Amino acid sequence: MTSRTGTGQPAAGRVVELLERERELFRRNHPGSERVHREARHLLGGVPFHWIRAYAVPFPIAVVQADGAHLVDVDGNAYHDFGLSGTAAMGGHHGSLLREIMTEQVPGPGVVTGWTTEDAGPVGALLAERYALPVWELALSATEANRAAIRLARAITDRPFIIAFGGAYHGSLEELHATAPGSAPGAGDSVRVLRFNDPEGLARALADRQVAAVIMEPALTNGGGVALPDPEFVAALGSLTREHGTLLIVDETQSGAAGYRGAGYEFGLDPDFITLGKSLAAGLPIGAVGMRQSHADAAARVLEAFPGGPWSLSGYGATVTAGPLTLRAARRYLTEVMTPDVYDRMNQLAQELSVRLSQVLARLELPWRVSTLGAIIGLSFREEPVRDGEDARAPDPVPGLRDYLFISLLNRGVLVGNLGGYVVVSPTNTERDIDAIVHAFEEATSLLRVDE
Ligand SMILES: Cc1ncc(COP(=O)(O)O)c(C=O)c1O
């Protein structure tokens with residue numbers, strides 16, 4: 001006999017019971033993925049890269065096909081992909097574009113030569129037009145772009161400190177992960193970590209004029225909900241950094257999902273540097289740093305005067321950065337895939353989805369909140385808006401809740417993000433995909449309200 005139970009947060013026992021049931025179902029439906037995992041015993045954790053083990057499943061799914069907003073695994077299970085590799089595949093999976101480029105490029109200018117190609121200038125121009133900063137340098141990833149921006153900011157200002165905000169993520173930089181196991185002693189000594197949306201804290205931390213740069217995500221997107229910046233915080237970031245001679249690095253790696261020109265533009269930020277990564281080259285590894293002309297001139301002077309030899313090994317960068325294939329993919333992806341219309345469509349679908357998910361929560365009287373930034377939708381297990389990293393990273397009110405939602409959606413053919421816990425809508429999604437995720441979410445959340 002079944003009956004509907006309660007309001008407020010779901011019962012802890014019910015979450016435990018459902019989570020176990022979903023894990024069992026996952027094991028039954030994924031024998032091929034389990035075999036792939038078992039056979040990868042020469043890889044650390046049985047996976048090519050350890051983050052994959054963080055998914056709330058007993059073993060990862062092994063993908064055999066990715067196309068648009070859809071994946072198929074080795075067992076033939078099909079998925080609507082709303083995880084999109086944490087926005088790295090925000091534009092959808094574009095294997096066909098890459099195949100086309102590969103046939104053009106090989107044996108054309110190749111994959112990695114250590115030289116430039118005719119695509120380089122146009123890629124710089126496309127980024128300059130979009131993000132209103134005139135000079136760009138490419139990188140291997142967003143982490144590398146942030147490393148470059150921070151190093152250039154320190155070199156240009158000749159100051160030691162940077163400011164970052166709790167709950168933001170800027171990649172696996174040593175100094176921003178100083179509490180992780182294996183960190184170098186003192187790695188975090190030159191970082192001041194502040195609360196997001198706290199202008200007074202910012203004023204205090206900048207006052208001694210020792211801060212080279214503030215690095216920020218325009219909105220926090222790496223937790224269980226999206227924290228938007230208050231207008232007073234945006235104003236303080238502009239006026240205080242100028243007043244104290246500190247540079248502002250705006251990391252648009254994920255918040256770029258807000259629109260064609262990024263979230264900083266939407267919120268009125270005035271960056272000295274913009275950093276990017278992930279969704280720039282149809283999924284190929286890439287990052288980019290944009291800067292004002294005056295900073296580019298200063299950076300050129302720094303790199304020219306480098307003691308190891310002009311323009312040589314400067315402490316950032318990677319040998320395989322921006323090869324011919326990546327440059328061609330970036331040029332075509334930015335021109336043909338991530339157009340202004342595409343951002344409009346993506347954001348419209350995300351808006352529709354967030355309204356429908358909120359309606360499900362209201363119907364079930366679940367005190368949770370859906371928040372959006374363009375194509376990114378965050379879910380927090382509380383009614384109040386998420387304002388900073390502490391809110392975004394608050395533990396589940398009922399242990400296992402986020403894991404349960406993740407695996408129960410997966411078992412219903414819908415993939416969502418795991419580490420940050422968010423949903424990403426791609427321009428290749430259709431109304432059918434939106435219906436699918438709403439139905440799966442409704443079914444998974446309704447079960448939390450049922451006693452069997
Ligand atoms: C805002 C932001 N910056 C930088 C990064 C680092 O990107 P990558 O791991 O591709 O270097 C991420 C990754 O999630 C991010 O969300």
Side-chain angles (χ1 to χ4, degrees), residues 47-55 83-91 131 137-151 153 162-177 180 191 193 196 213-229 248-259 262-267 269 271 273-290 316-318 320-322 326 329-330 333 373-378 386 388-389 392-393 416-424:
V47 286
F49 176 47
H50 70 276
W51 291 5
I52 298 167
R53 285 296 300 272
Y55 285 111
L84 294 166
S85 192
T87 72
M90 183 170 71
Y131 294 104
E137 178 167 27
L138 297 184
L140 190 58
S141 64
T143 299
E144 289 302 322
N146 284 327
R147 190 196 313 286
I150 290 171
R151 287 190 82 103
I162 60 161
I163 285 175
F165 296 101
Y169 184 70
H170 299 291
S172 52
L173 297 172
E174 184 81 3
E175 61 194 320
L176 296 178
H177 293 271
V191 182
V193 180
F196 195 71
V214 173
I215 184 165
M216 68 177 300
E217 290 183 79
L220 300 183
T221 56
N222 273 294
V226 175
L228 298 174
L248 183 60
I249 302 171
V250 174
D251 179 350
E252 294 272 18
T253 301
Q254 286 199 161
S255 58
Y265 174 84
E266 308 275 329
F267 298 137
L269 286 166
F273 288 87
I274 287 179
T275 54
L276 301 169
K278 297 193 182 181
S279 177
L280 285 179
L284 294 181
I286 186 170
V289 193
Y316 70 85
V320 293
T321 300
T326 307
Y333 189 69
L373 178 75
I376 296 177
I377 300 177
V386 170
D388 56 29
R393 299 215 159 156
V416 296
N418 189 43
L419 291 168
Y422 48 79
V423 166
V424 184

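We count ligands from 1, going down the list as the structure has it; atoms in each ligand are counted the same way. Remember, it's a predicted structure, so these values are computed and weren't measured experimentally.
Nearest approach of Asn222 to Arg393, heavy atoms of both residues: O-NH2, 3.1 Å. Of all heavy-atom pairs between Gly287 and Leu280, the closest is C-CD1, 4.5 Å. Ser85 approaches Ala89 most closely through the heavy-atom pair CB-N, 4.3 Å.
Nearest protein heavy-atom neighbour of atom 7 (O) of ligand 1: Ala142 CB, 3.3 Å. Distance from atom 14 (O) of ligand 1 to its nearest protein heavy atom, with residue and atom name: Lys278 NZ, 2.7 Å. At the top of the distance list for atom 8 (P) of ligand 1, counting protein heavy atoms only, stands Thr143 OG1, 3.6 Å. Nearest non-hydrogen protein atom to atom 1 (C) of ligand 1 is Tyr169 O, 3.0 Å. In this structure, atom 3 (N) of ligand 1 lies nearest to the protein heavy atom Asp251 OD2, 2.6 Å.
Of all the atoms in ligand 1, the ones that sit under 4.0 Å from a non-hydrogen atom of Glu217 are 1 (C). The Gln254 neighbourhood of ligand 1 comprises atoms 14 (O), 16 (O), with distances under 4.0 Å to a heavy atom of that residue. Here is the list of ligand 1 atoms found below 4.0 Å of a heavy atom in Ser141: 11 (O). Under a 4.0 Å criterion applied to the non-hydrogen atoms of Asn146, ligand 1 contributes the atoms 3 (N), 4 (C). Heavy-atom contacts of Gly171 reach the following atoms of ligand 1: 4 (C), 5 (C), 6 (C) (cutoff under 4.0 Å).
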Output a table of donor-acceptor pairs, distance under 3.5 Å, between side-chain atoms of residues 164-173 and any protein atom two or more places apart or on a different chain; print 'none' if there are none.
unit_1 : atom_1 : unit_2 : atom_2 : d
His170 : ND1    : Asp251 : OD2    : 2.8

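With a heavy-atom cut-off of 4.0 Å, Thr253 touches ligand 1 through its side chain alone. The proximity of Asn222 to ligand 1, defined as any non-hydrogen pair under 4.0 Å, is limited to the side chain. Heavy atoms of Thr221 found under 4.0 angstrom from ligand 1: none, in either backbone or side chain.
Judged purely by atom type and a 3.5 angstrom limit, Tyr333 uses its side chain to pair as donor or acceptor with the backbone of Gly91. A donor-acceptor pair under 3.5 Å is absent between the side-chain atoms of Lys278 and the main chain of Gln254, judged by distance alone. Panel note: side chain Arg147, backbone Glu174; no donor-acceptor pair is recorded below 3.5 Å.
No option in Leu373, Val250, Ile274 other than Val250 meets the side chain to side chain contact (heavy atoms under 4.5 Å, CB included) test with Pro218.
A 6.0 Å sphere centred on OH of Tyr316 holds more than 12 heavy atoms belonging to other residues, nucleotides or ligands.
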